[in-house]
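Below, read A as the first sequence line, B as the second, and so on, with proteins coming before strands; counting in each chain starts at 1. Since we're looking at a predicted model, the values are computed, not measured.
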Amino acid sequence: MNFCFFSVSAAETTSRPRKPCNCTKSQCLKLYCDCFANGEFCNMCNCNNCFNNLEHETERLKAIKTCLDRNPEAFKPKIGKGKEGESDRRHSKGCNCKRSGCLKNYCECYEAKIMCSSICKCIGCKNFEESPERKTLMHLADAAEVRVQQQTAAKTKLSSQISDLLMRTTPVISSGSGRLPYTFLTKEVVEATCECLLDKARRAEQTDQLTSEAERLILEEFGHCLMNIITSAGKAKADSASINC
DNA sequence: GAGTTTGAAACT
DNA sequence: CAGTTTCAAACTC
Ligand SMILES: [Zn+2]
Ligand SMILES: [Zn+2]
Ligand SMILES: [Zn+2]
Ligand SMILES: [Zn+2]
Ligand SMILES: [Zn+2]
Ligand SMILES: [Zn+2]
């Protein structure tokens with residue numbers, strides 16, 4: 001629904017997007033910092049007293065040496081895995097979880113989307129192939145993914161139909177009155193809007209228990225749709241007016 | 001957004 | 001090596 005096509009411009013033209021860190025006490029020179037741990041400089045991060053940059057080259061190299069001294073494999077390909085002959089995707093050291101059941105992102109195995117293995121020393125692990133808890137979680141996860149995709153699809157459809165209609169009908173609209181052209185309320189737009197709202201309703205039905213809250217969300221979404229239509233109609237009128245003058 | 005929970009990394 | 005502390009992120013409300 002929002003027409004921002006220019007959002008991904010300056011950020012990652014060359015490198016893949018990395019989540020910015022928020023370190024405050026490590027100066028991004030310890031493995032606590034994900035940027036540093038991945039052998040990368042901090043870029044577009046929210047850290048304080050960051051030394052993980054070219055301006056602190058000396059300190060940085062010193063820190064790297066310290067880490068390497070503690071663990072020579074500290075900066076190795078990480079999750080030691082890949083298709084190395086037989087070695088499946090395995091965590092190099094295994095996790096040591098005690099309270100997460102290895103089914104939350106606290107667990108490095110789960111975070112890497114891999115099963116725990118024999119080298120893990122976790123307690124109460126539910127992150128193994130046959131685990132019912134794990135399967136349930138997976139189901140819920142991709143169900144949510146489907147819902148998001150449906151919502152996105154509905155919004156895209158509505159947007160495209162509105163702009164489509166804008167192209168097709170703009171030259172014809174020339175009513176000089178102060179009213180907006182109601183020709184926008186076509187079958188297509190109404191259907192797309194209903195689809196959008198229905199999708200929102202289905203989503204709310206499964207997440208929010210409170211009916212009043214669900215109604216509020218749907219109404220809010222309707223407001224967005226209506227705003228989009230009104231704005232488009234207004235633009236069309238303005239355009240046709242400028243053409244006539 | 002504030003506060004809590006968690007486990008890797010660091011330290012002793 | 002084991003026990004403790006520190007840390008930043010994941011999570012909860
Ligand atoms: Zn950092
Ligand atoms: Zn960073
Ligand atoms: Zn930093
Ligand atoms: Zn784990
Ligand atoms: Zn594990
Ligand atoms: Zn586990």
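- By the side chain to side chain contact (heavy atoms under 4.5 Å, CB included) test, A:N105 pairs with A:Y110, A:E111, sequence neighbours left out.
- Screening residues 28-71 of chain A for ring pair (Phe, Tyr, Trp, His ring centres under 6.0 Å) gives A:F36-A:F75, A:F51-A:H56 as the qualifying pairs, with residues at least two apart or on separate chains.
- Regarding contacts with the backbone of B:dA9, every side-chain N or O of A:R70 stays at 4.0 angstrom or more from both OP1 and OP2.
- Here the closest heavy-atom approach between residue A:A74 and residue A:L68 is recorded as CB-CD1, 4.3 Å.
- Between the OH atom of A:Y110 and the P atom of B:dT6 there is a distance of 16 Å, rounded to whole Å.
- In the hydrophobic clustering, A:L140 connects to no other residue, as no ILVMFWY side-chain heavy atoms lie under 4.5 Å from its own.
- Shown for residues 19-29 of chain A: residues whose heavy atoms fall under 4.0 angstrom of DNA chain C, namely A:K19, A:C21, A:N22, A:C23, A:T24, A:K25, A:S26.
- Residues satisfying the salt bridge (Lys or Arg N to Asp or Glu O under 4.0 Å) test with A:E129, not counting sequence neighbours, are A:R134.
- Scanning residues 93-106 of chain A for heavy-atom distances under 4.0 Å to DNA chain B yields A:K93, A:C95, A:N96, A:C97, A:K98, A:R99, A:S100, A:Y106.
- Distance, A:N71 CG to B:dA9 P: 8 Å, rounded to whole Å.
- Residues satisfying the side chain to side chain contact (heavy atoms under 4.5 Å, CB included) test with A:E55, not counting sequence neighbours, are A:N53.
- In this structure, the side chain to side chain contact (heavy atoms under 4.5 Å, CB included) partners of A:N22, at least two apart in sequence or on a different chain, are A:N46.
- Considering only residues two or more places apart in sequence or on other chains, A:N127 meets the side-chain hydrogen bond (donor to acceptor under 3.5 Å, both in side chains) condition with none of them.
- A:R70 pairs by the salt bridge (Lys or Arg N to Asp or Glu O under 4.0 Å) definition with nothing, not counting sequence neighbours.
- Under the side chain to side chain contact (heavy atoms under 4.5 Å, CB included) criterion, A:K104 pairs with A:S100, A:Y106, sequence neighbours left out.
- Of all nucleotides in DNA chain C, those with any atom nearer than 4.0 Å to a heavy atom of chain A start and finish, going 5' to 3', at C:dT6 to C:dT12.
- A:L31 places its CG atom 10 Å from the P atom of B:dC11, with the value rounded to the nearest Å.
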